[in-house]
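Only one structure is covered here, and it is reproduced in the block below.
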Amino acid sequence: MSKWSLVTKGFVKDNPTFVLVLGMCPTLATTTSAINGLEMGLATLFVLVLSNIAISALAPLVPDKVHIPVYIVVIATFVTVLQLVMQAYAPGAYATLGLFIPLIVVNCIVLGRAEAFANKNTVVDSALDGLGIGLGFTLSLTVIGLVREILGSGSAFGFKFIPGDGMLAFVMAPGAFIVLGYLMVLFNKYLKKK
Amino acid sequence: MEYLLIIISAIFVNNILLSQFLGICPFLGVSNKLSTATGMSGAVCFVITLATIVTYLINKYLLLPFGLEFLQTIAFILVIAALVQIVEIVLKKISPSLYQALGIFLPLITTNCAVLGVAITVVTKEFSLGGAEAHLLNLGQATVYALATSVGYGIAMILFAGLREHLAGNHVPEAFKGLPIALITVGIMAMAFLGFSGIV
(Lines give C-alpha, C1' and ligand atoms only; values in the text may rest on other atoms or scores of the structure.)
Protein backbone atom coordinates (compact mmCIF):
# COMPACT_ATOMS: atom_id res chain seq x y z
CA MET A 1 0.00 0.00 0.00
CA SER A 2 1.48 3.34 -0.99
CA LYS A 3 2.12 5.97 1.66
CA TRP A 4 -0.41 8.33 0.12
CA SER A 5 -3.25 5.82 0.21
CA LEU A 6 -2.57 5.26 3.93
CA VAL A 7 -3.53 8.87 4.49
CA THR A 8 -6.49 9.05 2.10
CA LYS A 9 -8.18 5.75 2.96
CA GLY A 10 -9.80 7.29 6.05
CA PHE A 11 -11.95 9.63 3.95
CA VAL A 12 -14.13 7.08 2.19
CA LYS A 13 -12.82 3.51 2.03
CA ASP A 14 -12.06 3.02 5.73
CA ASN A 15 -14.05 5.95 7.08
CA PRO A 16 -14.16 5.35 10.85
CA THR A 17 -17.67 6.75 11.28
CA PHE A 18 -19.63 5.56 8.26
CA VAL A 19 -17.82 2.34 7.31
CA LEU A 20 -16.12 1.01 10.44
CA VAL A 21 -18.83 2.52 12.72
CA LEU A 22 -16.42 3.13 15.60
CA GLY A 23 -16.35 5.87 18.21
CA MET A 24 -20.08 6.53 18.13
CA CYS A 25 -20.26 8.25 21.52
CA PRO A 26 -18.18 11.37 20.72
CA THR A 27 -19.61 11.37 17.19
CA LEU A 28 -23.14 11.78 18.51
CA ALA A 29 -22.41 13.87 21.57
CA THR A 30 -20.04 16.57 20.36
CA THR A 31 -21.40 17.35 16.89
CA THR A 32 -23.80 20.06 18.00
CA SER A 33 -21.99 22.47 15.67
CA ALA A 34 -19.38 22.20 12.93
CA ILE A 35 -16.70 23.80 15.10
CA ASN A 36 -17.32 21.41 18.00
CA GLY A 37 -17.14 18.43 15.64
CA LEU A 38 -13.89 19.75 14.17
CA GLU A 39 -12.34 20.26 17.62
CA MET A 40 -13.31 16.79 18.79
CA GLY A 41 -11.92 15.29 15.58
CA LEU A 42 -8.60 17.09 15.98
CA ALA A 43 -8.33 16.04 19.64
CA THR A 44 -8.84 12.40 18.63
CA LEU A 45 -6.38 12.83 15.74
CA PHE A 46 -3.71 14.02 18.20
CA VAL A 47 -4.09 10.97 20.44
CA LEU A 48 -4.41 8.58 17.50
CA VAL A 49 -1.15 9.65 15.80
CA LEU A 50 0.90 9.69 19.01
CA SER A 51 -0.46 6.40 20.34
CA ASN A 52 0.04 4.71 16.96
CA ILE A 53 3.68 5.88 16.90
CA ALA A 54 4.36 4.76 20.48
CA ILE A 55 2.60 1.43 20.11
CA SER A 56 4.29 0.51 16.84
CA ALA A 57 7.65 1.25 18.46
CA LEU A 58 6.80 -0.66 21.66
CA ALA A 59 4.97 -3.61 20.12
CA PRO A 60 8.01 -5.94 19.71
CA LEU A 61 8.86 -5.51 23.41
CA VAL A 62 5.42 -6.16 24.84
CA PRO A 63 4.54 -9.75 25.85
CA ASP A 64 1.42 -10.93 24.07
CA LYS A 65 -0.51 -11.72 27.27
CA VAL A 66 -0.50 -8.17 28.62
CA HIS A 67 -0.65 -6.24 25.36
CA ILE A 68 -4.16 -4.82 25.84
CA PRO A 69 -3.48 -3.29 29.30
CA VAL A 70 -0.17 -1.89 28.02
CA TYR A 71 -1.86 -0.28 25.02
CA ILE A 72 -4.57 1.19 27.25
CA VAL A 73 -1.96 2.73 29.55
CA VAL A 74 -0.10 4.20 26.54
CA ILE A 75 -3.35 5.66 25.18
CA ALA A 76 -4.40 6.98 28.61
CA THR A 77 -1.01 8.68 28.94
CA PHE A 78 -1.44 10.56 25.68
CA VAL A 79 -5.01 11.48 26.60
CA THR A 80 -3.69 12.97 29.85
CA VAL A 81 -1.08 14.90 27.83
CA LEU A 82 -3.88 16.15 25.58
CA GLN A 83 -5.98 17.18 28.61
CA LEU A 84 -3.10 19.21 30.05
CA VAL A 85 -2.27 20.80 26.67
CA MET A 86 -5.90 21.73 26.05
CA GLN A 87 -6.36 23.17 29.54
CA ALA A 88 -3.37 25.41 28.88
CA TYR A 89 -3.92 26.50 25.27
CA ALA A 90 -7.59 25.83 24.43
CA PRO A 91 -9.57 26.15 27.66
CA GLY A 92 -12.74 27.08 25.73
CA ALA A 93 -12.72 23.90 23.66
CA TYR A 94 -11.80 21.86 26.73
CA ALA A 95 -14.84 23.19 28.56
CA THR A 96 -17.23 22.58 25.63
CA LEU A 97 -16.08 19.03 24.91
CA GLY A 98 -15.88 18.27 28.63
CA LEU A 99 -16.24 14.62 29.51
CA PHE A 100 -15.52 13.45 25.98
CA ILE A 101 -11.84 14.39 26.13
CA PRO A 102 -10.97 11.89 28.92
CA LEU A 103 -13.30 9.43 27.21
CA ILE A 104 -10.97 9.27 24.18
CA VAL A 105 -9.26 6.53 26.23
CA VAL A 106 -12.18 4.20 25.61
CA ASN A 107 -12.78 5.34 22.04
CA CYS A 108 -12.68 2.10 20.09
CA ILE A 109 -11.01 3.80 17.11
CA VAL A 110 -7.76 4.37 19.01
CA LEU A 111 -7.46 0.88 20.49
CA GLY A 112 -8.77 -0.57 17.24
CA ARG A 113 -5.97 1.02 15.16
CA ALA A 114 -3.39 -0.11 17.73
CA GLU A 115 -4.62 -3.70 17.46
CA ALA A 116 -5.32 -3.80 13.75
CA PHE A 117 -2.45 -1.75 12.36
CA ALA A 118 0.16 -0.19 14.64
CA ASN A 119 1.36 -3.39 16.33
CA LYS A 120 2.45 -5.01 13.07
CA ASN A 121 3.67 -2.08 10.97
CA THR A 122 6.58 0.35 10.97
CA VAL A 123 6.55 3.58 12.93
CA VAL A 124 6.22 5.79 9.83
CA ASP A 125 3.37 3.74 8.36
CA SER A 126 1.56 3.72 11.71
CA ALA A 127 1.89 7.50 12.04
CA LEU A 128 0.41 7.92 8.54
CA ASP A 129 -2.36 5.45 9.33
CA GLY A 130 -3.21 7.41 12.49
CA LEU A 131 -3.19 10.62 10.49
CA GLY A 132 -5.46 9.16 7.79
CA ILE A 133 -8.02 7.63 10.13
CA GLY A 134 -7.90 10.74 12.33
CA LEU A 135 -8.53 13.03 9.35
CA GLY A 136 -11.39 10.80 8.20
CA PHE A 137 -12.90 10.99 11.69
CA THR A 138 -12.45 14.77 11.79
CA LEU A 139 -14.07 15.12 8.37
CA SER A 140 -17.13 13.01 9.31
CA LEU A 141 -17.58 14.84 12.61
CA THR A 142 -17.34 18.21 10.89
CA VAL A 143 -19.90 17.18 8.25
CA ILE A 144 -22.35 15.85 10.86
CA GLY A 145 -21.81 18.98 12.96
CA LEU A 146 -22.34 21.21 9.93
CA VAL A 147 -25.63 19.52 8.98
CA ARG A 148 -26.91 19.71 12.56
CA GLU A 149 -25.83 23.33 12.90
CA ILE A 150 -27.51 24.39 9.64
CA LEU A 151 -30.77 22.59 10.48
CA GLY A 152 -30.74 23.32 14.18
CA SER A 153 -29.60 26.91 14.44
CA GLY A 154 -29.45 28.19 10.86
CA SER A 155 -25.74 28.89 10.87
CA ALA A 156 -22.53 27.33 9.56
CA PHE A 157 -19.22 27.49 11.48
CA GLY A 158 -20.83 30.13 13.67
CA PHE A 159 -21.98 32.41 10.81
CA LYS A 160 -25.72 32.81 10.98
CA PHE A 161 -27.37 32.96 7.57
CA ILE A 162 -30.95 31.91 8.32
CA PRO A 163 -32.72 34.27 10.73
CA GLY A 164 -34.76 32.80 13.56
CA ASP A 165 -34.32 29.83 15.86
CA GLY A 166 -34.05 26.86 13.50
CA MET A 167 -35.25 23.39 14.39
CA LEU A 168 -33.92 23.02 17.91
CA ALA A 169 -34.41 19.25 17.96
CA PHE A 170 -31.44 18.87 15.62
CA VAL A 171 -29.07 20.42 18.14
CA MET A 172 -30.48 18.24 20.89
CA ALA A 173 -30.13 14.48 21.34
CA PRO A 174 -32.69 13.13 18.83
CA GLY A 175 -31.18 15.17 15.99
CA ALA A 176 -27.80 13.51 16.52
CA PHE A 177 -29.17 10.03 15.94
CA ILE A 178 -31.40 11.03 13.05
CA VAL A 179 -28.78 13.06 11.17
CA LEU A 180 -26.17 10.31 11.58
CA GLY A 181 -28.70 7.71 10.40
CA TYR A 182 -29.60 9.63 7.26
CA LEU A 183 -25.99 10.55 6.45
CA MET A 184 -25.13 6.86 6.75
CA VAL A 185 -27.91 6.07 4.28
CA LEU A 186 -26.51 8.59 1.77
CA PHE A 187 -23.01 7.21 2.32
CA ASN A 188 -24.17 3.62 1.72
CA LYS A 189 -26.06 4.61 -1.39
CA TYR A 190 -23.53 6.79 -3.18
CA LEU A 191 -20.01 6.30 -1.84
CA LYS A 192 -19.53 2.79 -0.52
CA LYS A 193 -17.83 0.48 -3.00
CA LYS A 194 -19.96 -2.60 -3.59
CA MET B 1 -36.17 13.70 48.56
CA GLU B 2 -32.86 14.48 46.92
CA TYR B 3 -32.29 10.77 46.32
CA LEU B 4 -35.62 10.66 44.49
CA LEU B 5 -34.55 13.65 42.39
CA ILE B 6 -31.27 11.95 41.51
CA ILE B 7 -33.07 8.74 40.53
CA ILE B 8 -35.69 10.37 38.30
CA SER B 9 -33.17 12.70 36.73
CA ALA B 10 -30.69 9.91 35.98
CA ILE B 11 -33.20 7.41 34.62
CA PHE B 12 -35.53 9.60 32.56
CA VAL B 13 -34.43 13.22 32.17
CA ASN B 14 -30.72 12.74 31.59
CA ASN B 15 -30.88 9.19 30.31
CA ILE B 16 -27.30 8.09 29.80
CA LEU B 17 -27.89 6.61 26.35
CA LEU B 18 -30.48 8.90 24.88
CA SER B 19 -29.31 12.27 26.11
CA GLN B 20 -25.70 11.84 27.27
CA PHE B 21 -24.59 9.47 24.48
CA LEU B 22 -22.48 7.19 26.63
CA GLY B 23 -22.15 3.50 25.92
CA ILE B 24 -23.54 3.68 22.39
CA CYS B 25 -21.23 1.02 20.89
CA PRO B 26 -22.44 -1.90 23.02
CA PHE B 27 -25.95 -0.48 22.81
CA LEU B 28 -25.96 -0.83 19.02
CA GLY B 29 -23.93 -4.04 19.17
CA VAL B 30 -25.98 -6.26 21.46
CA SER B 31 -29.50 -4.86 21.11
CA ASN B 32 -30.41 -7.29 18.31
CA LYS B 33 -32.01 -9.72 20.71
CA LEU B 34 -34.01 -9.06 23.84
CA SER B 35 -32.25 -11.77 25.84
CA THR B 36 -28.70 -10.50 25.16
CA ALA B 37 -29.85 -6.93 25.83
CA THR B 38 -31.16 -8.00 29.24
CA GLY B 39 -27.93 -9.82 30.08
CA MET B 40 -25.79 -6.88 29.04
CA SER B 41 -27.94 -4.45 31.06
CA GLY B 42 -27.53 -6.59 34.16
CA ALA B 43 -23.76 -6.76 33.77
CA VAL B 44 -23.47 -3.02 33.09
CA CYS B 45 -25.63 -2.21 36.12
CA PHE B 46 -23.40 -4.29 38.36
CA VAL B 47 -20.09 -2.97 37.03
CA ILE B 48 -21.06 0.72 36.86
CA THR B 49 -22.24 0.76 40.47
CA LEU B 50 -19.21 -1.12 41.78
CA ALA B 51 -16.72 0.85 39.67
CA THR B 52 -18.20 4.17 40.74
CA ILE B 53 -17.93 3.32 44.43
CA VAL B 54 -14.31 2.16 44.08
CA THR B 55 -13.15 5.06 41.88
CA TYR B 56 -14.95 7.55 44.14
CA LEU B 57 -13.05 6.26 47.17
CA ILE B 58 -9.74 6.16 45.29
CA ASN B 59 -10.24 9.72 44.11
CA LYS B 60 -11.17 10.98 47.56
CA TYR B 61 -8.58 9.18 49.67
CA LEU B 62 -5.68 8.65 47.27
CA LEU B 63 -5.64 11.14 44.41
CA LEU B 64 -6.96 14.31 46.08
CA PRO B 65 -4.83 14.24 49.28
CA PHE B 66 -1.65 13.86 47.21
CA GLY B 67 -2.64 16.39 44.52
CA LEU B 68 -2.67 13.79 41.75
CA GLU B 69 -5.96 14.75 40.07
CA PHE B 70 -4.28 14.81 36.66
CA LEU B 71 -3.85 11.03 36.95
CA GLN B 72 -7.64 10.54 37.14
CA THR B 73 -8.04 9.22 33.59
CA ILE B 74 -5.23 6.67 33.83
CA ALA B 75 -6.05 5.59 37.38
CA PHE B 76 -9.75 5.16 36.67
CA ILE B 77 -9.36 3.12 33.49
CA LEU B 78 -6.87 0.80 35.18
CA VAL B 79 -9.14 0.38 38.20
CA ILE B 80 -12.09 -0.40 35.95
CA ALA B 81 -10.12 -2.93 33.89
CA ALA B 82 -8.82 -4.65 37.03
CA LEU B 83 -12.24 -4.56 38.66
CA VAL B 84 -13.89 -6.24 35.69
CA GLN B 85 -11.28 -9.01 35.83
CA ILE B 86 -11.80 -9.49 39.57
CA VAL B 87 -15.57 -9.52 39.25
CA GLU B 88 -15.26 -12.15 36.55
CA ILE B 89 -13.03 -14.39 38.69
CA VAL B 90 -15.10 -13.95 41.84
CA LEU B 91 -18.41 -14.58 40.08
CA LYS B 92 -17.04 -17.74 38.48
CA LYS B 93 -16.16 -19.08 41.93
CA ILE B 94 -19.14 -17.86 43.99
CA SER B 95 -22.10 -17.90 41.67
CA PRO B 96 -21.61 -19.97 38.52
CA SER B 97 -25.22 -19.38 37.44
CA LEU B 98 -24.84 -15.59 37.53
CA TYR B 99 -21.51 -16.00 35.76
CA GLN B 100 -23.24 -17.99 33.06
CA ALA B 101 -25.78 -15.21 32.60
CA LEU B 102 -23.38 -12.24 32.65
CA GLY B 103 -20.09 -13.95 31.77
CA ILE B 104 -19.68 -13.18 28.09
CA PHE B 105 -20.59 -9.54 28.57
CA LEU B 106 -18.11 -8.76 31.31
CA PRO B 107 -14.89 -8.43 29.23
CA LEU B 108 -16.74 -6.13 26.82
CA ILE B 109 -17.58 -3.72 29.60
CA THR B 110 -14.03 -2.42 30.13
CA THR B 111 -14.30 -0.49 26.88
CA ASN B 112 -17.86 0.66 27.56
CA CYS B 113 -17.48 4.40 27.91
CA ALA B 114 -20.53 4.54 30.16
CA VAL B 115 -18.48 3.07 33.03
CA LEU B 116 -15.61 5.54 32.78
CA GLY B 117 -18.07 8.31 31.95
CA VAL B 118 -20.13 7.84 35.11
CA ALA B 119 -17.00 7.45 37.26
CA ILE B 120 -15.59 10.76 35.98
CA THR B 121 -18.93 12.60 36.07
CA VAL B 122 -19.49 11.68 39.71
CA VAL B 123 -16.18 13.10 40.91
CA THR B 124 -16.04 16.21 38.73
CA LYS B 125 -19.53 17.48 38.04
CA GLU B 126 -21.39 19.64 40.53
CA PHE B 127 -25.06 18.85 40.89
CA SER B 128 -27.70 21.24 42.08
CA LEU B 129 -30.58 19.32 43.57
CA GLY B 130 -34.00 20.84 44.14
CA GLY B 131 -32.79 24.43 44.11
CA ALA B 132 -30.00 23.82 46.62
CA GLU B 133 -26.53 25.17 45.93
CA ALA B 134 -24.50 23.12 43.45
CA HIS B 135 -22.12 20.70 45.12
CA LEU B 136 -20.21 17.49 44.47
CA LEU B 137 -22.00 14.28 45.35
CA ASN B 138 -21.20 12.42 48.57
CA LEU B 139 -20.64 8.67 48.54
CA GLY B 140 -24.28 7.76 49.14
CA GLN B 141 -25.54 10.09 46.43
CA ALA B 142 -22.82 8.92 44.05
CA THR B 143 -23.85 5.30 44.56
CA VAL B 144 -27.52 6.09 44.00
CA TYR B 145 -26.61 8.14 40.92
CA ALA B 146 -24.55 5.27 39.47
CA LEU B 147 -27.27 2.72 40.17
CA ALA B 148 -30.04 4.90 38.73
CA THR B 149 -27.97 5.75 35.66
CA SER B 150 -27.34 2.10 34.93
CA VAL B 151 -31.02 1.29 35.43
CA GLY B 152 -31.75 4.02 32.85
CA TYR B 153 -29.21 2.37 30.55
CA GLY B 154 -30.99 -0.96 31.00
CA ILE B 155 -34.44 0.50 30.37
CA ALA B 156 -33.37 2.23 27.15
CA MET B 157 -31.49 -0.86 25.98
CA ILE B 158 -34.35 -3.29 26.63
CA LEU B 159 -36.98 -0.98 25.07
CA PHE B 160 -34.81 -0.59 22.00
CA ALA B 161 -34.10 -4.32 21.72
CA GLY B 162 -37.87 -4.89 21.70
CA LEU B 163 -38.31 -2.37 18.88
CA ARG B 164 -35.38 -3.79 16.96
CA GLU B 165 -36.78 -7.33 17.04
CA HIS B 166 -39.85 -5.98 15.26
CA LEU B 167 -37.72 -4.00 12.79
CA ALA B 168 -35.93 -7.18 11.76
CA GLY B 169 -39.13 -8.64 10.32
CA ASN B 170 -40.04 -5.60 8.28
CA HIS B 171 -39.21 -4.62 4.74
CA VAL B 172 -36.59 -1.85 4.83
CA PRO B 173 -35.02 -0.13 1.77
CA GLU B 174 -31.55 -1.50 0.93
CA ALA B 175 -29.55 1.59 1.94
CA PHE B 176 -31.36 1.82 5.30
CA LYS B 177 -30.67 -1.79 6.30
CA GLY B 178 -28.80 -2.44 9.54
CA LEU B 179 -27.46 0.53 11.45
CA PRO B 180 -29.05 3.53 9.68
CA ILE B 181 -32.62 2.47 10.41
CA ALA B 182 -31.59 1.52 13.96
CA LEU B 183 -30.09 4.99 14.51
CA ILE B 184 -33.19 6.72 13.18
CA THR B 185 -35.33 4.59 15.50
CA VAL B 186 -33.16 5.58 18.47
CA GLY B 187 -33.56 9.20 17.38
CA ILE B 188 -37.34 8.91 17.60
CA MET B 189 -37.01 7.19 20.99
CA ALA B 190 -34.76 10.01 22.19
CA MET B 191 -37.43 12.46 21.05
CA ALA B 192 -39.94 10.65 23.24
CA PHE B 193 -37.54 10.84 26.19
CA LEU B 194 -37.18 14.61 25.61
CA GLY B 195 -40.74 14.77 26.90
CA PHE B 196 -39.40 14.05 30.38
CA SER B 197 -37.21 17.15 30.45
CA GLY B 198 -38.58 19.75 32.79
CA ILE B 199 -39.80 17.22 35.37
CA VAL B 200 -36.80 17.79 37.61
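The shown structure was predicted, so the numbers you read here are calculated from the model rather than taken from an experiment. All chains are named by letter (A, B, ...) in the order of the sequence lines, taking the proteins before the strands, and each is independently numbered beginning at 1.
Taking the six-membered ring where the residue is Trp, A:Y182 and B:F176 present perpendicular rings, their angle passing 60° and hence far from 30°.
Under a cut-off of 6.0 angstrom, the local environment of NZ in B:K33 is sparse, with at most 12 non-hydrogen atoms contributed by other residues, nucleotides or ligands. The neighbour count for A:F161 CZ, taken as heavy atoms of other residues, nucleotides or ligands under 6.0 Å away, is above 12. Heavy-atom contacts from other residues, nucleotides or ligands closer than 6.0 Å to NZ of B:K177 number more than 12.
Nearest heavy-atom pair, A:P174 versus B:L194, reported as atom, atom and distance to 0.1 Å: CG-CD1, 3.8 Å. Considering all non-hydrogen atoms of both residues, A:T80 and B:F70 come closest at CG2-O, 3.2 Å. A:N188 and B:A175 make their closest contact through ND2-O, 3.3 Å (heavy atoms, listed as atom of the first residue, atom of the second, distance). When all heavy atoms are compared, the tightest approach of B:G23 to A:C25 is N-SG, 3.5 Å. The shortest heavy-atom contact between B:C113 and A:L103 is O-CD2, 3.8 Å. Nearest approach of B:L183 to A:F177, heavy atoms of both residues: O-CB, 3.3 Å.
To the nearest 0.5 Å, atoms CE (A:M184) and CG (B:L179) are separated by 5.5 Å. The CE atom of A:M24 lies 7.5 Å from the CG atom of B:L28; values are rounded to the nearest 0.5 Å. In this structure, CD1 on B:I120 lies 10.5 Å from CZ on A:F100, to the nearest 0.5 angstrom.
The parts of A:V185 that come within reach of chain B are both its backbone and its side chain, each placing non-hydrogen atoms under 4.5 angstrom from that chain. Looking at B:L78, only its side chain comes within 4.5 Å of chain A, counting heavy atoms on both sides. Heavy atoms of B:L17 lying under 4.5 Å from chain A belong exclusively to its backbone. If you measure heavy-atom distances from B:Q20 to chain A, the contacts under 4.5 Å come from the backbone alone. Contacts between B:I77 and chain A at a heavy-atom distance below 4.5 Å involve the side chain alone, from C-beta outward. Using a 4.5 Å cut-off between heavy atoms, A:L180 contacts chain B through both its backbone and its side chain.
A:M172 and B:L18 fall into different hydrophobic clusters, where Ile, Leu, Val, Met, Phe, Trp and Tyr side chains are chained together by heavy-atom contacts under 4.5 Å. Cluster annotation: B:L163 and B:L159 are assigned to the same hydrophobic cluster (Ile/Leu/Val/Met/Phe/Trp/Tyr, side-chain heavy-atom contacts under 4.5 Å, transitive). The cluster map of Ile, Leu, Val, Met, Phe, Trp and Tyr, joined by side-chain heavy atoms under 4.5 Å apart, puts B:L147 and B:V122 in different clusters. Cluster annotation: A:F159 is not connected to A:V147 through the hydrophobic network of ILVMFWY side chains, with a link wherever side-chain heavy atoms come within less than 4.5 Å. Under a hydrophobic-cluster definition in which Ile, Leu, Val, Met, Phe, Trp and Tyr are linked whenever side-chain heavy atoms come within less than 4.5 Å, directly or via other members, A:F78 and A:L131 are assigned to the same cluster.
When the candidates A:I178, A:L28, A:L186 are compared by the number of heavy-atom contacts under 4.5 Å with chain B, A:L28 comes out ahead. Counting heavy-atom pairs under 4.5 Å between each of A:L22, A:L84, A:T77, A:V179 and chain B puts A:T77 at the top. Top candidate by heavy-atom pairs under 4.5 Å with chain A, chosen from B:G117, B:A182, B:S19, is B:G117.
Of the listed residues (B:L22, B:V118, B:T124), just one forms a side chain to side chain contact (heavy atoms under 4.5 Å, CB included) with A:L99, and that residue is B:L22.
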